[in-house]
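What follows is a set of notes on a single structure, which appears directly below.
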Amino acid sequence: MNLEEMLVSVDTFYVLFATLLVFTMQIGFLLLETGMLRAKNAGHVAIKQLISFSVAALAFWAIGFGLTFGDGPGLIGTEGFFLQGGFSSLDWSNVTIDVKFLFQLSFVAVSLAIAWGGFAERAKLSVYLLFGTFFVAIIYPIIARSVWAGGFLGSLGMQDFAGSTVVHLQGGIAALVAALILKKRIGAETTPLLGHNVIYSVVGAFILWLCWFGFNAGSTLTIADGFFSYVALTTLLATAAGALGALAISFWHRRVADIPSIINGVLAALVAITAACAFVEPWAAVVIGFLAGVITYGTSILLARRVDDPLCAFSVHGVAGIWGTLATGFFASPRLVEITGIGQAGLFYGGGFTQLGVQALGVVFAVVIVSVLSYAFLKLLDVTIGLRITREDELRGLDVAEHGQASYDLPAPVSKELKKAYEEETTEKVN
């Protein structure tokens, strides 16, 4: 084996390792979501993650990967279905096509996992199967190709290194559309429906933070120049700042260190730095992360007044995705732009408004495409098979309604009449 062959082998192993980290994010989402939602839906939330990942794998292998990276003109590829055909848009990396596919699959699976936040606790299981297939095979490839595979946004120099727009904004917009169509959960109009295990959610957030190094640093697809370590550094600094930003705004606003808000601050900072991690200096990464934590806290409160988004998917992934994408238009460093060879320097480095305009165009394009296609497909499902479970099933919980067993040995609900009779009987005995 010569030196060149050895480098290919090492890079391939590195990308495969990064892929496994990003795959493990599914476990992080599982714990995060399960903890943030109610106990009667815990098993449904957990198994949904496994099912949707399986749907993503097959749909992306059969259709999505070819439409995204396969050779062909225009917005979609015309080759590469079932991994058969040319993928010249990925020729810049020397790793094998199998590993390239696995790495990109891990990204689209994350985007789909984000979208499910807007469906939580009220959508039928069949909807996850059908919309998951449509999202992975049709919606995601349009945006991913336009940015990462020779599309018009990429040719303009859009800076989205690991997917603040391609992965996170897409998932966040789909979640918002679903939440608007499905409407609020029973009881959400009058009282907050709190999660049942905040520890699960904290552990899930830590797993996501760890695995995000595979997400961002792995996107270099090589260890040859060592640039992956710089990407890891900016990712770390931004996330730490996001946690403290959310802590500060939560304590200032509510006089408590609200745990879900701090978790969301961590995730929002990760989302925001995902686009910018290769383009900004460490100090800018701290600013981007801190502001992401603050912005997400405020938008989640404002959004909750009108939309039931149980996991704050749009605030965390949509709003922070927009902020992270726009941030490079302000903070992109000339030194790092030269290293990556993508786009131009940001406004604060004398680059003018050009890069900011490209970033804004990318955000608008993603919002329009994902909103229109998600709304059209979900409305079609709504008028055919129906999106929402019955009122009775929602009250019982999806564990029993969809899967025939509860995840916990929950006590049976006590009627008001029975509770009153018990209290009266107890009072008589005491007297």
Side-chain angles (χ1 to χ4, degrees), residues 8 11-12 15-16 18-20 22-23 25-26 51-115 128-156 158 160-163 165-171 173-174 214-215 218-222 342 362 365-366 368-370 372-374 376-377 380:
V8 171
D11 282 347
T12 299
V15 178
L16 180 59
T19 299
L20 296 178
V22 184
F23 278 176
M25 290 175 71
Q26 298 294 321
I51 292 171
S52 68
F53 184 79
S54 301
V55 168
L58 295 178
F60 201 58
W61 167 68
I63 302 174
F65 188 66
L67 291 179
T68 306
F69 297 103
D71 291 344
L75 286 175
I76 58 172
T78 55
E79 297 183 20
F81 307 113
F82 300 98
L83 289 183
Q84 303 298 312
F87 301 94
S88 57
S89 62
L90 294 172
D91 285 348
W92 61 273
S93 170
N94 59 14
V95 304
T96 65
I97 190 62
D98 296 337
V99 171
K100 289 174 182 175
F101 165 75
L102 291 172
F103 188 65
Q104 294 299 330
L105 166 62
S106 69
F107 277 49
V108 69
V110 167
S111 191
L112 183 59
I114 293 163
Y128 290 104
L129 296 170
L130 296 171
F131 183 76
T133 301
F134 183 74
F135 182 88
V136 170
I138 304 299
I139 298 177
Y140 181 90
I142 296 174
I143 309 303
R145 185 176 183 84
S146 68
V147 179
W148 287 343
F152 80 99
L153 290 171
S155 66
L156 291 174
M158 183 175 177
D160 189 11
F161 190 72
T165 287
V166 172
V167 177
H168 296 278
L169 179 56
Q170 286 205 77
I173 291 294
F215 204 94
S219 292
T220 61
L221 298 188
T222 182
I342 300 174
F365 180 71
V368 171
I369 295 296
V370 179
V372 171
L373 292 180
S374 295
F377 191 77
L380 176 63

Test side chain to side chain contact (heavy atoms under 4.5 Å, CB included) applied to Ser374 and Phe131, step by step: CA-CA 8 Å; Ser374 295; Phe131 183 76; 3.8 Å; yes

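- Taking both residues in full, the closest heavy atoms of Ser219 and Phe103 are given as N-CZ, 3.7 Å, listed atom of the first, atom of the second, then distance.
- Judged by distance alone, with hydrogens and angles left aside, the side-chain atoms of Asp160 form a donor-acceptor pair with the main-chain N or O of Val166 at under 3.5 Å.
- In this structure, CD1 in Ile114 is found 11.5 Å from CD1 in Ile173, a value given to the nearest 0.5 Å.
- A heavy-atom distance below 4.5 Å is not found between the side chains of Phe377 and Ile139.
- The shortest heavy-atom contact between Phe135 and Ala174 is CE1-CB, 4.0 Å.
- Although no hydrogens or angles enter the test, the distance criterion places no donor-acceptor pair under 3.5 Å between the side chain of Lys100 and the main chain of Phe87.
- Between the CH2 atom of Trp148 and the CD1 atom of Ile143 there is a distance of 11.5 Å, given to the nearest 0.5 Å.
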Side chain to side chain contact (heavy atoms under 4.5 Å, CB included) between Val136 and Val55, intermediate numbers included: CA-CA 9 Å; Val136 170; Val55 168; 5.8 Å; no

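- Note that the CD1 atom of Ile76 and the CZ atom of Arg145 stand 8.0 Å from one another [nearest 0.5 Å].
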Audit row: Thr96, Val8, side chain to side chain contact (heavy atoms under 4.5 Å, CB included) steps and yes/no: CA-CA 8 Å; Thr96 65; Val8 171; 5.5 Å; no

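- Considering every non-hydrogen atom in both Ala137 and Ile63, the closest pair reads O-CG2, 3.7 Å.
- For the side chain to side chain donor-acceptor pair (under 3.5 Å) test, no residue two or more places apart in sequence or in another chain qualifies with Thr133.
- Remark: Val372 engages Val368 in a side chain to side chain contact (heavy atoms under 4.5 Å, CB included) (not counting sequence neighbours).
- The minimum heavy-atom distance linking Ile138 with Ile142 is given by the pair O-CG1, 3.5 Å.
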CA sep, side-chain torsions, deciding dist, call: Asp11, Leu221, side chain to side chain contact (heavy atoms under 4.5 Å, CB included): CA-CA 7 Å; Asp11 282 347; Leu221 298 188; over 6 Å; no

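- Scored by the ring pair (Phe, Tyr, Trp, His ring centres under 6.0 Å) test, Phe152 finds Phe365 as partners (sequence neighbours excluded).
- Contacts classified as side chain to side chain donor-acceptor pair (under 3.5 Å) and involving residues 76-86 (residues at least two apart or in different chains) are not found.
- No more than 12 heavy atoms of other residues, nucleotides or ligands shown are found within 6.0 angstrom of CG on Leu75.
- Atom CZ of Phe81 and atom CG of Leu83 lie 11.5 Å apart (nearest 0.5 Å).
- Atom CZ of Phe107 and atom CG of Leu105 lie 11.0 Å apart (nearest 0.5 Å).
- Sorted by first and then second residue, the side chain to side chain donor-acceptor pair (under 3.5 Å) pairs involving residues 52-74 (not counting sequence neighbours) are Ser52-Trp116, Asp71-Ser88.
- Between Ala144 and Gln170, the shortest heavy-atom contact is N-NE2, 4.3 Å.
- Here the shortest heavy-atom pairing between Gly362 and Thr165 reads O-CG2, 4.2 Å.
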Worked verdict on Phe53 versus Phe23 for ring pair (Phe, Tyr, Trp, His ring centres under 6.0 Å): CA-CA 9 Å; Phe53 184 79; Phe23 278 176; 5.2 Å; yes

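- Phe69 meets the ring pair (Phe, Tyr, Trp, His ring centres under 6.0 Å) test with Phe65; sequence neighbours excluded.
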